[in-house]
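Below: one structure, written as structure tokens.
Numbering of ligands and ligand atoms starts at 1, following listing order.
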Amino acid sequence: MQNGNVIQVLSDHVANKIAAGEVVDRPASVVKELMENAIDAGATQIEVEVIDGGRKVIVVTDNGKGMSRDDALLAIERHATSKIRDVDDIEAVQTLGFRGEALASIASVSRFSLTTRRPEDLGATEVIINGGRIQDVREAGSPPGTCFKVRNLFFNVPARRKFLRTAQTELSHIRQIFLVYALSYPDKGMTLTVDERELFRLPGGDAMEDRLREIYSPEFCVDLRKLDYVGPGCHLTGFIGSPALHRADRSDQYIFINGRPASAPMLASALKEGFRGLIPKGRHPVVFLFIEMEPSLVDVNVHPTKKEVRFRRPSDLRDALIEGIREAMAQPLSPSATEPEADPETPGPSPPPKPAFQIQDLPEVRTFQYPKLPLEPEQRQTEMPDVTKPEPENEPESPGLWAWCRILGQVGGMYVVLETDEGMVLMDPHAAHERVLFESYMKDVVEAGRCLRTLSMVRPGKVM
Ligand code: ADP
Ligand code: MG
């Protein structure tokens, strides 16, 4: 090693062992590779900027360790990596990247530039590449770290360019990738700017709970349950959605193995099994799952983009995941996702755990027409009745609010069973809560409309 340079080209033997694959298939995969590189470079701040769904411009800037001039030139060679030296290293690879393929692939199908500076260097190096051909290498002024600019992706591969979808579709993939890394590295500050508009600005130094709160609505976080389960050779942590939070697709499932986003058919089937009977058939749970396991027990080299993994002892992990989900579901809703931790010095009485929900193959209940709740302005409470208390009609402070029914109890900590003059009603408190909020917002909208009309009568033509 000369001048502290750290990159070397892998031998053919090693390169051939690592199956070559299609690394870049759309703008989101460029964002993925560049964010991974920034994380591997120890960055604490990562800025992602895209224009036109990433089809025109993708810029990723980090404050990581940067590269020397020689390394910057080597980085864009195929199979050039600083992350592994030999095929045996793949077994225990700790970085997100290791194939040394991404930069070479991206630079060969775009107008690409990289500007990089190590903290110890006085100046930065800028390398400009057009469709894989180096155009210029020059000194530049830039803060420590690295900035990649990728313009006109696939400009020289028309067949590929044709397969790009609308800016909106490409953007939704980019957003998904951004959230994957935002969730797995809450300690790092991250921003996502879309067409010069900032979509996310996430401060660094966060815990997982904080980051969830920054990304999602309070209503969403209220429905999360904390998962913390130690199984043979693995430790599972994270949050899973209560049965009220099911989805039509898997877009709210984030699974990480040793900090790396991962999927595997076994994990999908274990999730299905863990949530069987808890959510309606054909729906998908909300999952933020972090699996820590001995690196040698998981093979990350199955898939070219390292997304799909294979396990040495799949049944142990499967059992742990199912058991972990059941255990988390038996806990009360996660207090840490909604409010600050209680003072450990003065522990309050802990609430009794709610029983796991056990109805088999629950039918889709969202289409049920809930009876209209009496919603007077002074009763705009968003709280649902607490069924553990005496029946509300006996309470003097809310006379008649629930007089239209008699509350019989709650099933599995979820559905409230009510008796009315016409028969039995099952109420999903989560959906009912949304309805109460909806009516309250609609009232505000109608009110605002009235104000605007009054305003337009006073100052015609000046309505915003
Ligand atoms: P890999 O990440 O698999 O090693 P890449 O083609 O993504 O392959 O990157 C090649 C090399 O370039 C990396 O091994 C690393 O040494 C260097 N590199 C890439 N991105 C950065 C960055 N943002 N900061 C510092 N070094 C980087
Ligand atoms: Mg990489």
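If you look at Ile7 next to ligand 1, the close heavy atoms, those under 4.0 Å, all belong to the side chain.
Those atoms of ligand 1 that come under 4.0 Å of a heavy atom in Gly66, given as number and element, are 25 (C). When each atom of ligand 1 is checked for a heavy atom of Ala102 under 4.0 Å away, the hits are 6 (O), 7 (O). Distances below 4.0 Å separate heavy atoms of Phe148 from the following atoms of ligand 1: 20 (N), 23 (N). Ligand-side atoms of ligand 1 in range of Ala41: 22 (C), 24 (N), 25 (C), range being under 4.0 angstrom from any heavy atom.
Checked by distance only, ligand 1 and Asn37 come closer than 3.5 Å through their nitrogen or oxygen atoms.
Under the 3.5 Å distance criterion, the side-chain polar atoms of Asn5 are left unmatched by any main-chain donor or acceptor of Asp71. Side chain of Arg211 to backbone of Ala182: a donor-acceptor contact under 3.5 angstrom is found.
The environment of CZ in Arg161 is crowded: more than 12 heavy-atom neighbours from other residues, nucleotides or ligands sit within 6.0 Å.
Within the structure, salt bridge (charged side-chain N to carboxylate O under 4.0 Å, His left out) contacts touching residues 170-190 (residues at least two apart or in different chains) are Arg26-Glu170.
Comparing heavy-atom distances from atom 23 (N) of ligand 1 across Asp62, Asn63, Asn5, Leu103 singles out Asp62 as nearest. The closest non-hydrogen atom to atom 17 (C) of ligand 1, taken over Met67, Arg118, Met35, comes from Met67.
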Could you go step by step and tell me if Thr169 and Thr166 meet the side-chain hydrogen bond (donor to acceptor under 3.5 Å, both in side chains) rule?
CA-CA 5 Å; Thr169 303; Thr166 61; 2.9 Å; yes
Take Arg213 and Glu209 through the test salt bridge (charged side-chain N to carboxylate O under 4.0 Å, His left out) and record every step on the way to the result.
CA-CA 6 Å; Arg213 261 187 298 242; Glu209 283 97 321; over 6 Å; no
side-chain hydrogen bond (donor to acceptor under 3.5 Å, both in side chains), that's the test. Do Arg260 and Ser184 meet it? Break it down for me.
CA-CA 8 Å; Arg260 182 184 279 129; Ser184 53; over 6 Å; no
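Not close to ligand 1: Gly64, with no non-hydrogen atom less than 4.0 angstrom away.
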